Amino acid sequence: MRVSRLMLVTLRDVPADAEIASHQLLLRGGYIRRVGSGIYAYLPLMWKVLRKISAIVQEEMDATGALETLLPQLQPSELWERSGRWQGYTAGEGIMFHLEDRQGREVGLGPTHEEVVTSLAGELLRSYRQLPVTLYQIQNKFRDEIRPRFGLMRGREFIMKDAYSFHADEDDLRRCYGEMDRAYRRIFERCGLQAVAVEADSGAIGGAASQEFMVTAEAGEDLILTSEDGSYAANLEKAVSIANPATPLPEGEVKVIDTPGQDSIDALCNSQDLEPSQVVKVLALLARMESGAQQPVLVCLRGDQELNDVKLVNAISALQNDGVLDVTPVSVEQVANQGLSPWPFGALGPDLDDASLEGAKSWTTSFLRFADPTAKELDRFVCGANSPNQHRWGSRWSDLSCDPQVVDLRNAQAGERCQKDPTQTLMARRGIEVGHIFQLGRKYSQAMEASFTTAEGGQEAFWMGCYGIGVSRLAQAAVEQHHDQAGICWPLAIAPFAVVIVVANMQDETQLQLGEQLYDTLRAEGVDVLLDDRSERAGVKFKDADLIGIPWRLVVGRDAANGQVELVERATREAQVLPTDEALASLREAISTTTSPTVV
RNA sequence: CGGGAUGUAGCGCAGCUUGGUAGCGCACUUCGUUCGGGACGAAGGGGCCGCAGGUUCGAAUCCUGUCAUCCCGACCA
């Protein structure tokens, strides 16, 4: 390709609405244009990158025996009603774009494809003999994100590879999950990305095991904790650790202490000369359930610990066997609106009586009670006395008439010891989630009544897995991980072009001819080569070449007269002036070492 | 949805306080000189000042409303 024909428009100034380096560079380099909030056009350069990534993904997915397919983006509501997700995905905070057609039928733009694919599998896969099957597609997904961000990182329309596997039993699902894990590692490695696999929460998609693949980068939206040797890695949502030990409370009798205005752990500890770890704090929360129930929840945490919302939501839905829409702190106003007498906020104790809920207008009238192990393990502690401005000192759990469920509900923190290997300390890093694999189990196949005939002649629901890669996000994550002051440094395997030939002075016949000749030679060899044939000054071309990040550059300049050119590696800036043949040989050597797929 | 900010040419910005009918840099067009790290000179083209009301002889500027975008929190590939 010739730059003069490439519709290349690069920007010198940084667009004001781009915050992070990768977003700025993609805009400045003429890779993407914003069309609307969270909606981007992939310009020709970007599309080449995306196709290269897709090709790697396809090769690796095909190698696992997965079948490529293309499922509709426009999906009828009935499918989603069968899985029970239509309401959750469209109403209120719903993430699915949806509309009504002229016949009054409701349809949604696919944010994901479990429903479509499960329903198809139910129709097509009738016998255990046909299993296992994995289907995958590279498709645009639509999600009505509340806050699109950072260019392609969180768009409302984005490209995703999603795969769904169907199995006769759980063991086979596990086998496939392991295979996908390995395929994913190869994909990210081939794309030149440093990625970490972390234990993750399954979130709204549900299911048993799940693992995320994070590209480590400062701009990442996720916090991950890893052990020093990397043997343990988890998303903060899921991470566990050994909490630092609590400071024991001095000997003494149980007593009630006056704590006027000491409503927070900080205030209490400062006034009473306590350590936060000597206190049990009690959080009153309200869970809105999918069934419509409004369930009050009391959570006991050691005073120095933070609540992990995701863990709490999971604990509630497991205990109630009902989905949780959200969990929010109970406010003074809400208590009043329920027609209840005021609660002693700031002095709540773990044994706050269910009588506090008697006569509530719309709330369930008994608390769901949880305690984090760090709180439950305290022998003696300080806690609220359930009367305003009073706390109890030296309480024991056995003295309190309550029996909370003990569940891990705290955030693990950097600096704490690793549960898997207590000799190691956890470190915090930031990551961009580029892939996520799940063992879904039979959640969707049961809901959608997708079943097959077993060897014994019975009907059973499929065991399913699903496996996603954010293709467009991955491309930007690669920029986030591979750039410098001057611009992008694409990993060779996903670079839009392997090499750019810069003719320094287009007026110089010798240079021009040598440039053209090199271009023809490389093109004939199937090399992805770009020729900068614009009649710009050399400086401009160098700046643009750096910005758009082509891994190799051949400069045809003043040494052209002696048959010499300069070969420059973008990432390292290493340059050598060589006779043309040698430069070509070095270049071939350099670009043959990659396993880059062929994309024309 | 809550908190913060911004809307003026393709991009980056000034002008607004103190109303008088829009300007700078980059980009774009033409000519000349230049030609290995975003050249210089000259001459050009391009703006519903987000939108709608209002105040005023007169509004980019003041007032009201509205829309959009971005940043911080809840969602996720």
Side-chain angles (χ1 to χ4, degrees), chain A residues 9-20 23-24 27-28 30 33-34 36-39 57 88-89 92-96 111-113 138-163 184 200-205 210 212-215 221-222 235 237 309-310 313 325-328 431-438 466-477 486-487 502-508 511 534-547 553 555-560 565-566 568 573 575 577:
Chain A
V9 179
T10 57
L11 303 174
R12 196 180 300 203
D13 296 314
V14 181
D17 53 5
E19 191 82 354
I20 61 175
H23 186 195
Q24 294 175 350
L27 283 168
R28 285 188 52 212
R33 277 287 161 135
R34 197 184 71 89
S37 178
I39 306 172
V57 170
Y89 268 67
E93 296 285 285
I95 203 160
M96 180 155 62
T112 176
H113 283 74
I138 294 173
Q139 247 290 29
N140 279 21
K141 291 279 189 281
F142 298 87
R143 292 190 188 166
D144 189 0
E145 291 289 343
I146 302 163
R147 186 150 91 85
R149 235 191 295 212
F150 302 150
L152 306 185
M153 286 295 191
R154 180 177 298 281
R156 298 197 298 165
E157 178 175 351
F158 58 96
I159 302 175
M160 179 173 167
K161 186 285 299 180
D162 50 330
Y184 271 41
D201 183 71
S202 311
I205 294 177
S210 113
E212 288 171 337
F213 293 85
M214 297 285 190
V215 169
E221 294 185 79
D222 288 275
N235 194 310
E237 293 174 352
D309 296 346
V310 174
V313 165
L325 294 174
D326 62 26
V327 179
T328 50
I432 300 162
E433 183 187 356
V434 290
H436 201 157
I437 59 179
F438 303 80
C466 84
Y467 319 91
I469 290 180
V471 172
S472 43
R473 177 185 282 184
L474 187 155
Q476 188 172 331
V502 175
V503 178
N505 184 349
M506 292 293 288
Q507 263 73 273
D508 182 319
Q511 290 184 22
R534 294 175 298 172
S535 40
E536 291 286 350
R537 295 163 62 88
V540 173
K541 299 190 193 184
F542 292 147
K543 290 285 185 195
D544 275 345
D546 286 347
L547 177 59
R553 187 167 84 206
V555 184
V556 183
R558 53 197 165 211
D559 299 318
V565 294
E566 188 184 28
V568 188
R573 294 286 172 91
V577 177

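Predicted model only: the values in this text are computed from it and were never measured. Chain letters run A, B, ... following the sequence lines, proteins first, then strands; residues in each count from 1.
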> Judged by atom type as modelled, is there a donor-acceptor pair below 3.5 Å linking the side chain of A:Arg154 to the main-chain atoms of A:Arg147?
Replying inline: no
> Contact class for A:Gly557 (heavy atom, under 4.0 Å): base, sugar-phosphate, or nothing?
Replying inline: base
> Is a side-chain donor or acceptor of A:Lys541 paired with a backbone partner of A:Ala504 at a separation under 3.5 angstrom?
Replying inline: no
> Across all strands shown, which nucleotide pairs with B:G12 by Watson-Crick or G-U wobble geometry, both distances under 3.5 Å?
Replying inline: B:C24
> Checking only heavy atoms, does the side chain of A:Arg149 share a donor-acceptor pair with the base of B:C71 at less than 3.5 Å?
Replying inline: no
> Atom CG of A:Asp17 to atom P of B:G4: distance rounded to whole Å?
Replying inline: 21 Å
>> Base, sugar-phosphate or nothing for A:Gly151? Non-hydrogen atoms, less than 4.0 Å.
In response: nothing
>> Suppose we call a contact any N or O donor and acceptor under 3.5 Å apart; does that hold for the side chain of A:Arg28 and the base of B:G10?
In response: no
> Counting only distance, no hydrogens or angles, is the base of B:G36 paired donor-acceptor with the side chain of A:Glu566 under 3.5 Å?
Replying inline: yes
>> How many whole angstroms separate atom CG of A:Asp326 from atom P of B:C75?
In response: 10 Å
>> Regarding A:Arg34, tell me which of base, sugar-phosphate or nothing describes its non-hydrogen contacts under 4.0 Å with the strands shown.
In response: sugar-phosphate
> In whole Å, what separates the C1' atom of B:G73 from that of B:U55?
Replying inline: 40 Å
>> When you measure only distances, ignoring hydrogens and angles, does the side chain of A:Glu19 come within 3.5 Å of the base of B:C71 through a donor and an acceptor?
In response: no
> With respect to the side chain of A:Met160, which nucleotide from B:G38, B:A74, B:A77 is positioned closest?
Replying inline: B:A77
> So, the side chain of A:Tyr467 versus the backbone of A:Lys161: is there a donor-acceptor pair under 3.5 Å, distance only?
Replying inline: no
>> Taking side-chain contact (heavy atoms from CB on, under 4.5 Å) as the definition, give me every residue that meets it alongside A:Ala200, ordered by chain and number, with sequence neighbours left out.
In response: A:Ser210, A:Glu212, A:His436
> When the P atoms of B:G15 and B:A9 are considered, how many whole Å apart are they?
Replying inline: 15 Å
> How close or far is atom P of B:C70 from atom NE2 of A:His23, stated in whole angstroms?
Replying inline: 8 Å
>> Of the listed nucleotides (B:C70, B:G36, B:C76), which one gets closest to any side-chain atom of A:Ser37?
In response: B:C70
>> Please tell me whether A:Asn505 and A:Gln511 have a donor and an acceptor in their side chains that are separated by less than 3.5 angstrom.
In response: no
> Roughly how far apart, to the nearest Å, are B:G7 and B:C35 at atom P?
Replying inline: 43 Å
>> Measuring from the side chain of A:Ile146 (C-beta onward, heavy atoms only), which nucleotide among B:A74, B:G38, B:U69 has the closest atom?
In response: B:A74
> Can you tell me if the side-chain N/O atoms of A:Arg12 get under 4.0 Å from OP1 or OP2 in B:G12?
Replying inline: no
> Got a donor-acceptor pair under 3.5 Å from the side chain of A:Arg143 to the base of B:C76?
Replying inline: no
> Base, sugar-phosphate, or nothing: which does A:Asp544 touch, judged by heavy atoms less than 4.0 Å apart?
Replying inline: base
> With respect to the side chain of A:Arg154, which nucleotide from B:G37, B:A77, B:G12 is positioned closest?
Replying inline: B:A77
>> Base, sugar-phosphate or nothing for A:Ala16? Non-hydrogen atoms, less than 4.0 Å.
In response: sugar-phosphate
> Rounded to whole angstroms, how far apart are CZ on A:Arg473 and C1' on B:C76?
Replying inline: 6 Å
> B:C57 and B:C70: how far apart are their C1' atoms, nearest whole angstrom?
Replying inline: 39 Å
> Under a 3.5 Å cut-off for both distances, is B:U61 Watson-Crick or wobble paired, and to whom?
Replying inline: none
> A:Asn235 versus A:Met214: any side-chain heavy-atom pair under 4.5 Å?
Replying inline: yes
> How close or far is atom P of B:C70 from atom CG of A:Leu27, stated in whole angstroms?
Replying inline: 11 Å
> B:G73 P sits how many Å from A:Glu237 CD, rounded?
Replying inline: 14 Å
> Is the base of B:G37 touched by the side chain of A:Arg553 through a donor-acceptor pair closer than 3.5 angstrom?
Replying inline: yes
> Rounding to the closest angstrom, what is the interatomic distance between B:A68 and B:C24 at atom C1'?
Replying inline: 26 Å
> Would you say the base of B:G25 and the side-chain of A:Asp13 have a donor-acceptor pair closer than 3.5 Å?
Replying inline: yes
>> Measuring from the side chain of A:Arg558 (C-beta onward, heavy atoms only), which nucleotide among B:A77, B:G36, B:A74 has the closest atom?
In response: B:G36
> Does B:U17 have a Watson-Crick or wobble mate here (both distances under 3.5 Å), and if so which one?
Replying inline: none
> Would you say A:Ile159 and A:Ile138 make side-chain contact, with heavy atoms under 4.5 Å?
Replying inline: yes
> Expressed in whole Å, how much space separates the P atoms belonging to B:G23 and B:C16?
Replying inline: 15 Å
> A:Gln139 has an atom CD; how far is it from atom P of B:A77, in whole Å?
Replying inline: 16 Å
> Between A:Arg534 and A:Ile469, which has a closest nucleotide on RNA chain B that is more 5'?
Replying inline: A:Arg534
> Nearest of B:U34, B:G73, B:C75 to any side-chain atom of A:Gln507?
Replying inline: B:U34
>> Please name the nucleotide paired to B:U66 by Watson-Crick or G-U wobble geometry with both distances under 3.5 Å, or report none.
In response: B:G50
> Is A:Val14 touching bases, backbone alone, or none of the nucleic acid, heavy atoms closer than 4.0 Å?
Replying inline: sugar-phosphate
> Looking only at atom C1', what distance separates B:A52 and B:A14, rounded to whole Å?
Replying inline: 27 Å
> If we require ring centres under 5.5 Å and near-parallel planes under 30°, does A:Phe158 stack on B:A77?
Replying inline: yes
> Under the 3.5 Å rule, do the base of B:C40 and the side chain of A:Arg537 count as making a donor-acceptor pair?
Replying inline: no
> Does the pair A:Arg553/A:Asp546 count as a salt bridge with the N-to-O cut at 4.0 Å?
Replying inline: yes
> When all nucleic acid strands are considered with a 4.0 Å heavy-atom cut-off, which category describes A:Asp222: base, sugar-phosphate, or nothing?
Replying inline: base
>> Taking only the C1' atom of each, what is the distance from B:G38 to B:G53 in whole angstrom?
In response: 46 Å
>> Rounded to whole Å, how long is the line connecting atom NZ of A:Lys541 with atom C1' of B:C35?
In response: 10 Å
> Which nucleotide in the set B:A77, B:A39, B:A27 lies at the smallest distance from any side-chain heavy atom of A:Val540?
Replying inline: B:A39
> Would you say A:Lys141 and A:Asp162 make side-chain contact, with heavy atoms under 4.5 Å?
Replying inline: yes
> So what does A:Met153 touch, heavy atoms closer than 4.0 Å: a base, only the sugar-phosphate, or nothing?
Replying inline: base
>> Both distances below 3.5 Å, Watson-Crick or wobble geometry, any strand: find the nucleotide opposite B:C1.
In response: B:G73
>> Just to verify, which of A:Arg143, A:Arg473, A:His113 counts as forming a side-chain contact (heavy atoms from CB on, under 4.5 Å) with A:Met160?
In response: A:Arg143
>> Taking the nucleotide of RNA chain B with the nearest heavy atom to each, does A:Gly36 or A:Gln511 sit closer to the 5' end?
In response: A:Gln511
>> What's the closest nucleotide to the side chain of A:Pro15 if the choices are B:G38, B:G36, B:C11?
In response: B:C11
>> Could you tell me the Watson-Crick or G-U partner of B:G32, where both distances fall under 3.5 Å? Say none if there is no partner.
In response: B:C40
